[in-house]
Amino acid sequence: MINAENPRKSKVIVALDVPCAKDISPLISQIPDEIEWYKVGLELFISEGNQAIEILTGMNKRIFLDLKLHDIPRTVERAVKTASQHSVGLLTVHASGGPAMLRAAATAAAECDNPPLIVAVTALTSLDQSDLTALGVSRDLKEHARALGRLAVDSGIDGLVCSPHEAAALRGDLGPAPILVTPGIRMPEGELGDQKRVATPADAVAAGSDFLVVGRPIVQADNPGSAARKILDQMYSAR
Ligand code: C5P
């Protein structure tokens, strides 16, 4: 378990938001070796599948497989077990899959020799209050996200994916144990892209984030190595 090895030292995960497996090695070779974690999301996984994972494993990197599983409990259970056979270190599910699905994911991981840590997405940050209304959810968006966070943790899930702006509140609600994974990281001078609620690496660490997911500020930088270095240095200065 990551947290047992290294109790509360935040880490950077680089989001490999690239379309092709052939783009992976040239990018990683520019990034400081101390970044161990890389995120494989839907685009890369659908286009390249396990090849992307095998390349990362071959480079001794750790894998965050961000497929946001949301299915019947048995299907999720089998997906978790299969992910463990591919050395996936972190795997996402949707908290809105419900308690039985969440428990199935947690139980499946507990039965694996090399289990992924399971982290749950609460409410997608693309949803607003009117979307919740359309879905038949009447409670306030923030309350909804907090309730789903509580449900996930009570169901045995290891942690949550959340905005750095929600991290401190979730820490307050849920205590020190859950792993918090935060995208939406930008350096003070960085471009926002489509992210609206961003935080600097130092702010994310101060809010209690364990894993800072960084995509475009590194992947699309003219010099990904030096962009990653600046982010690491700011994170180290705060943790
Ligand atoms: O490029 P950027 O740093 O914004 O990338 C962040 C990564 O985290 C992307 O892969 C994006 O899909 C993901 N993500 C996010 N916001 C969420 C959930 C996931 O930015 N709420």
Side-chain angles (χ1 to χ4, degrees), residues 10-20 23-24 27-28 31 35 37-48 52-53 56 61-70 88-97 117-129 131-132 141-142 144-146 148-149 152 157 159-167 169-170 179-205 207 209-224 226-232 234-235:
S10 312
K11 293 168 191 280
V12 167
I13 301 177
V14 176
L16 283 174
D17 293 329
V18 295
C20 302
D23 299 327
I24 297 174
L27 175 66
I28 293 181
I31 292 176
I35 296 191
W37 285 89
Y38 285 85
K39 185 185 99 143
V40 175
L42 284 168
E43 180 189 11
L44 184 57
F45 194 74
I46 289 174
S47 78
E48 303 286 4
I53 290 180
L56 289 169
K61 296 302 179 187
R62 303 182 83 169
I63 297 151
F64 173 24
L65 185 58
D66 185 19
L67 301 184
K68 299 187 180 66
L69 303 176
H70 187 159
V88 169
L90 274 164
L91 179 67
T92 46
V93 298
H94 267 289
S96 54
L117 292 164
I118 312 289
V119 289
V121 176
T122 56
L124 288 172
T125 46
S126 53
L127 297 176
D128 64 17
Q129 197 67 46
D131 294 316
L132 285 195
L141 178 57
K142 252 192 198 147
H144 184 59
R146 287 171 83 172
L148 287 173
I157 294 298
L160 301 171
V161 182
C162 63
S163 149
H165 294 262
E166 294 154 9
L170 289 168
I179 296 159
L180 297 181
V181 179
T182 58
I185 305 297
R186 291 292 181 272
M187 290 299 274
E189 70 282 4
E191 283 178 27
L192 298 187
D194 58 1
Q195 295 280 13
K196 296 195 177 88
R197 300 177 66 235
V198 299
T200 64
D203 290 340
V205 171
S209 172
D210 297 293
F211 288 97
L212 285 59
V213 183
V214 187
R216 286 162 290 185
I218 293 176
V219 174
Q220 292 182 5
D222 291 337
N223 183 337
S226 96
R229 181 77 267 150
K230 286 184 191 149
I231 288 169
L232 285 169
Q234 201 194 93
M235 183 184 75

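Remember, predicted model here, so these are calculated numbers, not experimental data. Note that ligands are numbered from 1 as they come in the structure, with each ligand's atoms numbered from 1 the same way.
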Considering only N or O atoms, set out every pair between ligand 1 and the protein closer than 3.5 Å, with distances to one decimal place.
unit_1   : atom_1 : unit_2 : atom_2 : d
ligand 1 : 1 (O)  : Arg216 : N      : 2.7
ligand 1 : 1 (O)  : Arg216 : NE     : 2.7
ligand 1 : 3 (O)  : Arg186 : NH1    : 3.1
ligand 1 : 3 (O)  : Gly215 : N      : 2.8
ligand 1 : 4 (O)  : Arg186 : NH2    : 2.9
ligand 1 : 4 (O)  : Gln195 : NE2    : 2.9
ligand 1 : 4 (O)  : Arg216 : NH2    : 2.8
ligand 1 : 10 (O) : Asp17  : OD1    : 3.4
ligand 1 : 10 (O) : Asp17  : OD2    : 2.7
ligand 1 : 10 (O) : Lys39  : NZ     : 2.7
ligand 1 : 20 (O) : Gln195 : NE2    : 2.6
ligand 1 : 21 (N) : Thr125 : OG1    : 2.8

Apply side-chain contact (heavy atoms from CB on, under 4.5 Å) to Val18 and Val219, showing your working.
CA-CA 8 Å; Val18 295; Val219 174; 4.1 Å; yes
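With sequence neighbours left out, Asp194 forms a salt bridge (Lys or Arg N to Asp or Glu O under 4.0 Å) with Arg216. With sequence neighbours excluded, no residue forms a side-chain contact (heavy atoms from CB on, under 4.5 Å) with Thr125. In this structure Lys230 satisfies the salt bridge (Lys or Arg N to Asp or Glu O under 4.0 Å) test with no other residue, sequence neighbours excluded.
Proximity of Ile185 to Val213: side-chain heavy atoms (C-beta onward) are nowhere separated by under 4.5 Å.
Between Phe211 and Trp37, the ring planes are perpendicular. Angles over 60° get that label, and only those under 30° would be called parallel.
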